[in-house]
Protein chains: 6
Amino acid sequence: MTKTVLCYGDSLTWGYDADTIGRHAYKDRWPSALQAALGNEVRIIAEGLNGRTTAFDDHLADCDRNGARILPTILQSHAPIDLVILLLGTNDMKPVVAGSAFAACQGIARLVRLIRNHAWPFEFDGPDILIVAPPKVRETANVPFAASFVGAIEESAKLPTLYRDLADELGCGFFDGNSVAKTTPLDGIHLDAENTRALGRGMESTVRMMLGL
Amino acid sequence: MTKTVLCYGDSLTWGYDADTIGRHAYKDRWPSALQAALGNEVRIIAEGLNGRTTAFDDHLADCDRNGARILPTILQSHAPIDLVILLLGTNDMKPVVAGSAFAACQGIARLVRLIRNHAWPFEFDGPDILIVAPPKVRETANVPFAASFVGAIEESAKLPTLYRDLADELGCGFFDGNSVAKTTPLDGIHLDAENTRALGRGMESTVRMMLGL
Amino acid sequence: MTKTVLCYGDSLTWGYDADTIGRHAYKDRWPSALQAALGNEVRIIAEGLNGRTTAFDDHLADCDRNGARILPTILQSHAPIDLVILLLGTNDMKPVVAGSAFAACQGIARLVRLIRNHAWPFEFDGPDILIVAPPKVRETANVPFAASFVGAIEESAKLPTLYRDLADELGCGFFDGNSVAKTTPLDGIHLDAENTRALGRGMESTVRMMLGL
Amino acid sequence: MTKTVLCYGDSLTWGYDADTIGRHAYKDRWPSALQAALGNEVRIIAEGLNGRTTAFDDHLADCDRNGARILPTILQSHAPIDLVILLLGTNDMKPVVAGSAFAACQGIARLVRLIRNHAWPFEFDGPDILIVAPPKVRETANVPFAASFVGAIEESAKLPTLYRDLADELGCGFFDGNSVAKTTPLDGIHLDAENTRALGRGMESTVRMMLGL
Amino acid sequence: MTKTVLCYGDSLTWGYDADTIGRHAYKDRWPSALQAALGNEVRIIAEGLNGRTTAFDDHLADCDRNGARILPTILQSHAPIDLVILLLGTNDMKPVVAGSAFAACQGIARLVRLIRNHAWPFEFDGPDILIVAPPKVRETANVPFAASFVGAIEESAKLPTLYRDLADELGCGFFDGNSVAKTTPLDGIHLDAENTRALGRGMESTVRMMLGL
Amino acid sequence: MTKTVLCYGDSLTWGYDADTIGRHAYKDRWPSALQAALGNEVRIIAEGLNGRTTAFDDHLADCDRNGARILPTILQSHAPIDLVILLLGTNDMKPVVAGSAFAACQGIARLVRLIRNHAWPFEFDGPDILIVAPPKVRETANVPFAASFVGAIEESAKLPTLYRDLADELGCGFFDGNSVAKTTPLDGIHLDAENTRALGRGMESTVRMMLGL
């Protein structure tokens, strides 16, 4: 039977293109690449919001960016779900949001608890959870991005270890985005089309295993 | 170029099946039927939440059901969008929510203003809007549903006229769900698989026209 | 020394003109008429918001219409204040808001307690409070207004007695808008320019007495 | 080992005394009577808030009266808990809150789901739940109370059956307050000291059974 | 025709007097000085709240200090508006709020987008926007203020350049408060009466130009 | 007549046991020790929530941890109250919450104002307030706690002086937890059973004096 996978993320999931300052083509976004890799046995739902945090408020946008406040509605809209992929944390490292990898990791833990304790309708089973560490922030000549993400280069480098340990502790899957993708120097944060596709393809085997395919 | 259509709705869009008390199969939900009818030129995004209201709070659920509070985030996640289809209003007629067709109509007007005034990123154009009147509530022997929707039979019958006039006033498209689908007597509210598919197919020509296909 | 009077109200205070579907000229709004009547010994601050309720949510607008949620900020912005005039309650009688004069009266009581318990900065004294009953809603051929205000004709007729008793109980001043002004049949709710000016002039002696002028 | 019982309620639990317009003496509140009846094997925590609703907003007070918004914090503060007694619903029947027994029953269901899905710390077990129907509202010459509770006499009479059925459906205990206590004609809502004590004593055997004492 | 100017600000606009620990006389507040300079062709509305931030929460006060949450209501209350003057950012530099000039600048950008995307009633045109940089924070022997504003001396010095660039990017006017006023050493933040008046007079020509007077 | 004392605190009041990673036995929690010391003339109400802050949001938990948002409800539930003991501030020193002793002190000031300005029902008198400085954070080998509380060792050492000065300024009582108790090196934050009991016993004479016993 067809499996449902929810990709809950930020601009990396939405497909922010630092080159055109727009959105990557559909086929270049990582949820699409993962869909292509997995084929019809799986239905991928892409829920990427520019600026989404794990569980922190950011009132600088015209919509709610706190991942923990929106997630219950999204879970309910797409239930039943077999797997939730959480690719978040980069925005948490903005000093104005939380400013540390440790905080991002606590935010991911909060989202995992939200999913585990969600009141699923119709006695649906809850999903498995895959935690993905975003590729490391790197240096950039882009002044506004560098200013928004002061300190994030060091902090983002800690995410893979923190997320891996958290995943082990909470019984979630883990995938390190750094193993297959690198951020662009254009803004130090985002992925070009090639790296975005690589991220989706790179998750394939982990996702197959978690879905029992 | 591929067009994007956001279907923003409630349990009729989620695909609540009053027979199995579960979710219609993917192919039987109306956004899927519309997708099948329109083919690859269009990408349909289904955002149906059981119990979603237009713009009223309902604290009886484990997630935010107020359509106006969540919509800005959803718009941002799926931008750029060519067309938003609003199929809402049934839940507004619960006495505990708002209890009248007139209130539902005001809620739809609020959502239209939200879309029109949304701060779209990257100077994306805003979408066209299609307002759909849900099929009329009918009598049912289902006690909890009858109790939840006291008065809704009369009120829901007013929706097509109210929504049509609003659509004219605000420059939106209009489609009357009653022209192609009937609610099931099992709970008086929902659509069986056949009627749900009919709803999606029925919108095809209106959607094609609005998208210029 | 100059006295400060805050006029906290709804569209009657903003100056909604049912004839032009716009805003009354500055000189025709009742706070301006009151200012003219009182002269330079008093500074009038007009804070009228279309659709403002006493203490109920109304998510149909693009801003917060709940008078109780916004009042503390307004009090702080204009402190020190000698007198607050509360002219609210009409919107509470919409069925979608609260639908009864009794509820409006409870909302006014809530606002009085908010003012009395406000944490005034710099040990400023709190203001006196004048409760004003809005002129009675009347019949209208205006369909949307009639639909928004179903039942309000009967309910609004109860406001003067309820507000007068409340004012007595809480030690506030009271003024009955019906003694000097009548709503327009154009929408059944609002005041034309002449009646709006009359409302401001009509309050003069009560305000003078309360301010000790 | 000592058992912990949380009494989550409204003014009936707080101990509102319609005679003195104050609070019943400690020994006369029902949680105290229950504590006295059960002895030292059980620790009773009284959490009664005047005006508390099950899951509806009431902005007429200087604090949050929505039972569903506050409950998670209270659960966390008093964990681990063996039994939660829910005695709520009377305030839901105010027209300005929800106005029907059916709504109150849905609110109780929401609280049960909140408790069942709460993220208990330290892997504490969740508590059993006892749903108590409040004694029926009766006629009163008290004008403000009669006005606040229009329609509540008929509605409150439906609560026992609705709550009993809900308790059966959700696997909760049930106790009908009407079996041991009657509301006072002084305001039609509250219990005098004798009836309040009777309520606490009346629950003893049900509570003992649920706690396995 | 008379033009309307909304002055949306913090304690500098309210008129906090660090000498008397109270409020500057009406004539000494900068909106009053600007009003005097511009004469009757213009109506100035002063909306200054002690502690107001651009777009960040500050729960330390008895009212909502987040400028972005309150602004839509204020815009609606005073519409139609020809010009909004934003004089904010000082409070953003408190470490407990946001702690950086960059964050303040992002907050101003958020307010500009809110104004540009506001759902103006009656098809009123939206206003022009003038961004004003507050005078630089300076050293003070006032211990609580120094503690509240750790780091603000350096950060506030960056505001003029950041705000000027933002104004250029977004098509807003810009005025540097430092060009005409200096903060008092009494608390390092506020302006004495002379400097406050100078601020209002200093803006005159810019405001005239923007209003086409 | 029996006096009522509300203990409003965080995990130190809840009784977090760093040894068993659970909750201290009832008799070992400081409110219980204080109850035992004071005897039947006083009724102690324990309201300790793990992670509670003074007045800052922390969205990492499944319930509201902002002490200022919940306090009004708690005050209302337990009124009339003779004394409120505030033992908070440790969690404010987490960088993700506020990160400084000064912020914690401002948060305590906010809570004092909330209590002083609370709309007490039935004209109850407001309570006296005792501010307690939590024992100093110390070094620990516990990695997650050390990471959560970066910088707190230095900051927490400032609390006694800041709180004492605040108490003097606002007319509150003060007690320094460091005078009788030390945090455990197991996590650097919490108190073992002996130190927790010592804290309750240590407050006895101050509480007696404030209650006039």
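The model shown is predicted, which means the values in this text are computed figures rather than measured ones. By convention in this document, chain letters (A, B, ...) are assigned in the order of the sequence lines, proteins followed by strands, and residues within each chain are numbered from 1.
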Item to check | Option that, when pairs with chain E are counted at under 4.5 Å, heavy atom only, ranks first among Thr4(C), Leu75(C), Leu49(C) | outcome: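 When all of Thr4(C), Leu75(C), Leu49(C) are compared, Leu49(C) has the most.
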
Checklist entry - Out of Ala61(C), Pro72(C), Gly15(C), which one racks up the most heavy-atom pairs below 4.5 Å with chain E? => result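 The candidate making the most pairs under 4.5 Å is Pro72(C).
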
So what's closer than 4.5 Å to chain E heavy atoms on [X]: side chain, backbone, both or neither?
X: Ile21(C); answer: both
X: Arg65(C); answer: neither
X: Ala46(C); answer: backbone
X: Arg52(C); answer: side chain

Checklist entry - Which heavy-atom pair separates Ala79(C) from Arg23(E) by the least distance, and what is that distance? => result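 So the minimum-distance heavy-atom pair works out to O-NH1, 2.7 Å.
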
Item to check | Asp62(C) vs Gln76(E) side-chain heavy atoms within contact, under 4.5 Å | outcome: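 Contact flag for Asp62(C)/Gln76(E) side chains = no.
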
Checklist entry - Are the side chains of Ile74(E) and Ile74(C) in touch, meaning some heavy atoms are under 4.5 Å apart? => result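 They are in contact (side-chain heavy atoms under 4.5 Å apart), so the answer is yes.
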
Checklist entry - Using the ring of each side chain (for Trp, its six-membered ring), is Phe122(C) parallel, tilted or perpendicular to Trp14(E), with breaks at 30° and 60°? => result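 Parallel, since the angle between the ring planes stays under 30°.
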
Checklist entry - Using a cut-off of under 4.5 Å for heavy-atom pairs, which of His118(E), Arg69(E), Glu123(E), His78(E) has the most such pairs with chain C? => result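 Of the candidates given, the most pairs with chain C belong to His78(E).
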
Item to check | Polar side-chain atom of Thr73(E) near backbone of Asp64(C) as donor-acceptor pair, under 3.5 Å | outcome: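 The answer is yes, because a donor-acceptor pair under 3.5 Å joins these two groups.
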
